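Below: one structure, written as structure tokens.
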Amino acid sequence: MKRFVRMAPVALSFAVAALAAGCNNYGATGRCGAGATCGGDPSGSWAVADGCEFQPVRPTQPIDTSKFMGTVGTQWPALIAPPQPQPTLVQQTQSGDWCSTLLVTGSGASTMVTNVFLWHEAPLVDPADSKVSFFAADHSYTTRLMLTTKKLAPEQRARNATHFAPRCLQANGGNPSCADLGAALTTFYMAATPTVPSTFDNFNCTQSASDGGCDCSYDMNILVTDSGRWLQPNNANNTFDPGQPMVQETDALLFNGVEIDSQGPSPGMTFKTDLCRGGNELELSGNNGTPLLGVYGLVNLTLTPM
């Protein structure tokens, strides 16, 4: 379990404090506390102040951005551990899992990566680049959650690394230097538009002392955006009774600008969200253990007015 840092001190109501305090460290189990359900009116534009996420133990995070979410009873396939040399082989495999499916050609300025599948640690929500809005007038909502490994503790962030043996670099006719490889990986993952982040960035590839290959470190990012409508409560004040979950009907759930595939929730599905509004804070949490806002591993958020 990982807490991300509160951006500014805020006054907590009793009900909200109970949820914030519920996100405790349970050792190896890494569980987050259950969310408060005092109800209230969620309408408004909210900044992320605090929250709780369950970080799967490596290497159980989903294998790509389109699967970086889950539903009740769903277990996404695990990504293999970072490629490691096979000690029983004199020459390592040229392609496949041991090379992170790297396909690189050319050298120098002509180096080009056309395929690679990098291992990564589970990213955390970046409060500075995340917000949630519920609009009372038409009961629409929008969410923006930036998840990035840049928010990991230094020892976790340092594990975002892959070793590429010489045969991985040369299997398809390439002969890049490590600096060439880093530049080509950056180009491969460049964002399609300025509003969508590159899935992987901050590449730093250096020559490995063990075999002359390349050791590459990097960061991984996922921008999750969603829009839709939230169900109007059956009362005149647009408030939810204690324990009554809010229902969100998704119109477009995007991961780095791409709609998720058919294996996950699709546009038109609904999410149930527990809530508790106390004073100037809104607590959101997944109903009955479901992922909050469709993001795998996200358990609850503390929001403050923007």
Side-chain angles (χ1 to χ4, degrees), residues 15-16 19 35-49 51 53 65-74 125-127 129-147 193 195-196 222-306:
V16 174
L19 176 58
T37 58
C38 69
D41 179 8
S43 61
S45 294
W46 305 90
V48 175
E53 299 177 68
T65 56
S66 68
K67 295 181 176 61
F68 195 78
M69 60 182 305
T71 54
V72 175
T74 298
V125 172
D126 180 0
D129 196 16
S130 302
K131 61 182 179 179
V132 180
S133 297
F134 296 100
F135 303 101
D138 60 358
H139 278 256
S140 63
Y141 74 85
T142 60
T143 66
R144 175 189 174 92
L145 296 177
M146 173 61 79
L147 297 97
T193 69
T195 59
V196 179
I222 302 176
L223 174 61
V224 183
T225 59
D226 185 22
S227 62
R229 294 179 60 82
W230 54 284
L231 187 65
Q232 183 170 353
N234 295 319
N235 60 59
N237 298 320
N238 289 336
T239 60
F240 290 83
D241 296 329
Q244 178 187 8
M246 174 173 57
V247 177
Q248 295 172 243
E249 298 176 345
T250 297
D251 289 336
L253 183 61
L254 304 179
F255 284 70
N256 277 39
V258 179
E259 287 191 13
I260 56 176
D261 62 26
S262 59
Q263 298 184 58
S266 59
M269 75 160 296
T270 59
F271 297 110
K272 288 186 177 181
T273 305
D274 293 331
L275 74 151
C276 178
R277 181 166 185 174
N280 287 325
E281 287 196 341
L282 174 65
E283 292 285 347
L284 299 180
S285 56
N287 179 251
N288 290 328
T290 57
L292 177 61
L293 303 177
V295 178
Y296 183 83
L298 182 60
V299 178
N300 53 52
L301 289 175
T302 300
L303 307 172
T304 56
M306 295 187 65

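Position 1 is the first residue of the sequence, and the numbers go up from there. Fair warning: this is a prediction, and the values are worked out from it, not measured in the lab.
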*Trp230 side chain vs Ser140 backbone, donor-acceptor pair below 3.5 Å*: yes
*Where do Leu145 and Leu298 land on the side chain to side chain contact (heavy atoms under 4.5 Å, CB included) test, with the steps shown first?*
CA-CA 11 Å; Leu145 296 177; Leu298 182 60; 3.8 Å; yes
*Can you check whether Asn300's main-chain N or O pairs, donor with acceptor, with Glu283's side chain at less than 3.5 Å?*
no
*Just how far is it from atom OG of Ser133 to atom OH of Tyr141, taken to the nearest 0.5 Å?*
12.0 Å
*Hey, could you give me the NZ/CG distance between Lys131 and Leu303, rounded to the nearest 0.5 Å?*
13.0 Å
*Could you tell me whether the side chain of Asn256 and the main chain of Leu223 form a donor-acceptor pair under 3.5 Å?*
yes
*Atom CG in Leu284, atom CG in Leu275: separation rounded to 0.5 Å?*
6.5 Å
*Nearest 0.5 Å, what's the OG1-CE distance between Thr270 and Met246?*
12.0 Å
*Going by heavy atoms in the side chains, are Leu293 and Gln248 under 4.5 Å from each other?*
yes
*What's the shortest heavy-atom distance between Gly40 and Arg277, and which atoms?*
CA-CB, 4.4 Å
_Non-hydrogen atoms of Pro305 and Trp46 that approach each other most closely_ = N-CE3, 3.6 Å
_I need the Asp126 CG to Ile222 CD1 distance, nearest 0.5 Å._
13.5 Å
*asked:* For Asp41 versus Asn238, what's the shortest heavy-atom pair and its separation?
replied: OD1-O, 3.5 Å
*asked:* If only side-chain N and O atoms count, and only distance matters, is there a donor-acceptor pair under 3.5 Å linking Thr304 with Glu281?
replied: no
*Taking all non-hydrogen atoms of both residues into account, name the closest pair between Phe271 and Thr250 and its distance.*
CE1-OG1, 3.0 Å
*asked:* Set out, in order, the CA-CA distance, both residues' side-chain angles and the distance that settles side chain to side chain contact (heavy atoms under 4.5 Å, CB included) for Val125 and Glu53, then state yes or no.
replied: CA-CA 8 Å; Val125 172; Glu53 299 177 68; 3.7 Å; yes
*Nearest heavy atoms of Pro245 and Asp274, plus distance in Å*: CB-OD1, 3.7 Å
*Can you check whether Val299's main-chain N or O pairs, donor with acceptor, with Ser285's side chain at less than 3.5 Å?*
no
*Closest heavy-atom contact between Thr239 and Asn235?*
O-ND2, 2.5 Å
*Check the pair Asp251 / Arg229 against salt bridge (charged side-chain N to carboxylate O under 4.0 Å, His left out), numbers first and verdict last.*
CA-CA 8 Å; Asp251 289 336; Arg229 294 179 60 82; over 6 Å; no
*Would you say Thr273 and Leu292 make side-chain contact, with heavy atoms under 4.5 Å?*
yes
